[in-house]
Enquirer: 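Before we start, here is the structure in question, set down as structure tokens.
Order of appearance sets the numbers: ligands from 1, and atoms from 1 within every ligand. This structure is a prediction, so every number in the text was calculated from the model and none was measured.
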Amino acid sequence: MSALCEIQHLSVTYFGERDVKAIEDLTLTIQPGEIVGLAGESGCGKSTLVKALTRLLENGEISGGKILFQGKDLTKATREEFRQLRWTRISLVTQSAMSALNPVLTIGEQLMDGIQAHTSMPKEQMWRRATELLELVEVDPARIRSYPHELSGGMRQRVMIAMALVLKPDLIIMDEPTTALDVVVQKQIIRKIKELQRQFSFSVLFITHDMSLLLSIADRIAIMYAGKIVEMASSDEIRTSPSHPYTQGLLNSFPSVFERRELMGIPGSPPSMVSPPAGCRFHPRCPVAKDTCRTLIPVESQLSSTHVAHCHLLTESEEKRYE
Ligand code: SF4
């Protein structure tokens, strides 16, 4: 099966008094119909990746690599080519529906706006489609004439999902779509996303800092730290055999629905990307760092057909196996 989206060796640089490489050499593949999770603390580059994928970067640009989407390199697409792709092939659900929705337009008008911008559908048909979409995300279709401020946070997020689905895209990027919601509504939204994904077979790139949420929704999970992916594996492998000390720290920072355990947290905070640490970028916070970690950049270890991680401890244990 050929990949829907292949991000190859992507680097993104922001320009200022000192240039900042917010993403460095990032490689990630999304298959058709797959939910890929991306986790990491604030400032690790998750939002920059979303902006690079949706061409919303401000004061920055893609400084290396490719984003192949259905075989076409999006880094070379013209503004018009990209506009054509947006909503029809790739759509976005952001964290704050209140700021993403237009406060002076009704929900129905906003849903129809998206359809109108990309199709020549007659008005009655657009209205029907907007109503169907609201039903699909379990919002009472009578709400079609409501303004965003008249809806609850959960309802607004459901409307955002309906908008993302409006033109049946192949990939929906969900950037912390449930972060602002309480846990009960969060659970309902996650159930709905899974249901819709099974029904329409679109792919999802689901971005969050919440590992327990990702374990419940993603097929595969990538862990990002200081602009790089440090571990990538199936959801099961991340849950049962996390191999990078940072992944282990993230998992220990959240309560698990699978087992009772003590919460530990990760000491310190993520590094400034203006001058990230040499060697392994996690070494100032890593509980098992060695001298080599301070100078040498870890290479990728292939732990199974679906599991890779970047840590000197793994390369050392591989070397020992072959001694
Ligand atoms: Fe820790 Fe070293 Fe592995 Fe980095 S390479 S995660 S510092 S043990």
Enquirer: If the condition is side chain to side chain donor-acceptor pair (under 3.5 Å), which residues does D175 pass it with, not counting sequence neighbours?
Expert: none
Enquirer: Can you list everything that forms a ring-ring contact (aromatic ring centres under 6.0 Å, His included) with Y246? Sequence neighbours excluded, please.
Expert: Y225, F282
Enquirer: My understanding is that only residues two or more places apart in sequence, or in another chain, count here; which of them pass side chain to side chain donor-acceptor pair (under 3.5 Å) with S63?
Expert: T13
Enquirer: Report the protein N/O/S neighbours of atom 4 (Fe) of ligand 1 that fall below 2.8 Å; do not count waters.
Expert: C280 SG
Enquirer: Should the pair R128-E124 be classified as a salt bridge under the 4.0 Å nitrogen-to-oxygen rule?
Expert: no
Enquirer: Provide the closest heavy-atom pair for P148 versus R156 in the form atom of the first, atom of the second, distance.
Expert: O-NH1, 3.2 Å
Enquirer: Keeping the roles fixed (side chain from S235, backbone from A218), state whether a donor-acceptor pair exists under 3.5 Å.
Expert: yes
Enquirer: Which of the numbered atoms in ligand 1 are under 4.0 angstrom from any heavy atom belonging to V288?
Expert: 8 (S)
